[in-house]
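Structure, as structure tokens:
Counting begins at 1 with the first residue of the sequence. All heavy atoms count here, side chains included; hydrogens, waters and symmetry mates do not. This is a predicted model, so every value here is computed, not measured.
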Amino acid sequence: MFELLNEQPKDKILALMQAYREDPREAKIDLGVGVYKTAEGKTPIMRAIKAAEKQLWEVEETKSYTGLAGDIGFADAMIDLLIGDACPRDCIAAAATPGGTGAVRQGFDMIRMANREARVFVSDPTWPNHLSMLKHMDLHIQPYRYFDSDSRSVDFAGMMEDISDARVGDVVLLHGCCHNPTGANLTLEQWQQVIDQLLKSGATPMIDIAYQGFGDGLAEDAAGLRMVVSQMPEVLIAASCSKNFGVYRERTGLLMAVAQDKVRRETNQGMLNHLNRQNFSFPPDHGARLVTMVLQDPALRADWEEELREVREGVLSLRQQLSAELARLTNSDRFAFIAEHRGMFSRLGATPEQVEAMRESHGVYMVGDSRINMAGLNKDSIPVLARAMVEAGV
């Protein structure tokens, strides 16, 4: 049987990680992997998560399964964090998943169960795993323009023209905030125009939100999502806790199916339970339990929000420093977009040849499309990156 299998394409980011590890230069810079890191290059356990873990060790009495949809307390806490009062709780079906990736995969599976002919409209560019999963599941991928490589901002006119082709039965996949890989986000006015177009066409929005709290704030980063939920008859939402709670390896995510027609909730919940059963049965609980404890305990939540604010402002400060250093070196404002982008990522607009030149000459490692993880920088490496960019002719 194994002789019939074909070798799969190598993961570019994993290959980049390997090349970085093998590079003997001490001053090398890793801007490829999408994980938050401190100035010292560490991915810390958040204070509130560590405190919750200590509490859990004392009080947890079983490692038995949760329900198929996971613990209801986790779903309630996450719905409050993401959706708030944008729609009634009894409109929302929810199920815990192994990370945000698991939530996206289950959402795609739900789309396929509903309509195998659905076209999934995906931003160009998008997180590569979106495309990988859709291709693997044999769902039709329909790219829509999103990023203008010249201005390094949202190509909103192109986006609206492309998604106007969506119709009933199609799905438009949107990034809730901190667009990966570009860092360029929709304004609230643009969110409203997207909603108006979706209402006109009858297409269903699916929102992938993996970085709430990394952009402008917890409520601010959820504002577009809440507008969609409050106005659209149906919405799918895939949420990740990996970044804003720092529980990457605990694989903590949630898929939500929102239907303004409340009679659909029971069917939707049954479908989410069914999909979990087919894919992994009962979802992991440890990370979900910690997140629930943090969100439900006022002291832990306050400490978590404060640390998340520190992380967010630290990333914004790195953006401002890099933008200012590039302005100093080039005597121009053409890199001002870096300070305007939000989240951990920005796409610099460099060619693959320029990316390779920066790696060879300065030990700067980034993905070939010039996406960089801002959290991979610190005050000492920013001048190195800026000089590399200028010398490479970015």
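In this structure, Asn129 contributes its side chain and Ser132 its backbone to no donor-acceptor pair below 3.5 Å.
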> Thr62 and Ser64: side-chain hydrogen bond (donor to acceptor under 3.5 Å, both in side chains), yes or no, with the steps?
Replying inline: CA-CA 5 Å; Thr62 182; Ser64 183; 4.6 Å; no
>> As a quick check of understanding, evaluate side-chain contact (heavy atoms from CB on, under 4.5 Å) for Met374 and Ile338, giving each step before the final call.
In response: CA-CA 10 Å; Met374 297 299 305; Ile338 294 173; 4.3 Å; yes
> Should Gln321 and Ser317 be marked as a side-chain hydrogen bond (donor to acceptor under 3.5 Å, both in side chains) after you check the CA-CA gap, both sets of side-chain angles, and the distance that decides it?
Replying inline: CA-CA 6 Å; Gln321 291 172 44; Ser317 177; 2.8 Å; yes
> Run the side-chain hydrogen bond (donor to acceptor under 3.5 Å, both in side chains) check on Asp208 and His130 step by step: do they pass?
Replying inline: CA-CA 10 Å; Asp208 183 1; His130 286 152; 2.7 Å; yes
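Considering only residues two or more places apart in sequence or on other chains, Glu305 meets the side-chain contact (heavy atoms from CB on, under 4.5 Å) condition with Leu218, Arg301.
When each of Arg152, Arg319, His179 is paired with Ser346, the side chain to side chain donor-acceptor pair (under 3.5 Å) condition holds for Arg319 and for no other. In summary, of the residues considered (Thr97, Thr66, Leu68), a side-chain contact (heavy atoms from CB on, under 4.5 Å) with Pro283 occurs for Thr66 alone.
The ring-ring contact (aromatic ring centres under 6.0 Å, His included) contacts involving residues 321-350 comprise Tyr211-Phe345, Phe337-His341, where partners must be two or more places apart or lie in separate chains. Counting only residues at least two apart or in different chains, ring-ring contact (aromatic ring centres under 6.0 Å, His included) contacts with residues 75-114 are absent. Here ring-ring contact (aromatic ring centres under 6.0 Å, His included) pairs that include residues 1-35, with residues two or more places apart or in two chains, are Tyr20-Tyr365.
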Could you pull out every donor-acceptor pair under 3.5 Å between side chains of residues 243-250 and any protein atom, sequence neighbours left out?
from: Asn244; atom 1: ND2; to: Gln212; atom 2: O; distance (Å): 3.0
from: Tyr248; atom 1: OH; to: Tyr36; atom 2: N; distance (Å): 2.9

Report all side-chain donor-acceptor pairs from residues 193-202 shorter than 3.5 Å, counting only partners two or more places apart or in another chain.
from: Asp196; atom 1: OD1; to: Gln192; atom 2: NE2; distance (Å): 3.0
from: Ser201; atom 1: OG; to: Gln197; atom 2: O; distance (Å): 3.3
from: Ser201; atom 1: OG; to: Leu198; atom 2: O; distance (Å): 3.3
from: Ser201; atom 1: OG; to: Ala203; atom 2: N; distance (Å): 3.2

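A continuous path of ILVMFWY side-chain contacts below 4.5 Å connects Trp304 to Leu254, so both sit in one hydrophobic cluster.
By the neighbour-count criterion of 12 heavy atoms within 6.0 Å, atom OH of Tyr65 is sparsely surrounded, having that number or fewer from other residues, nucleotides or ligands. With a 6.0 Å radius and a threshold of 12 heavy atoms from other residues, nucleotides or ligands, His136 has its NE2 atom at or below the threshold.
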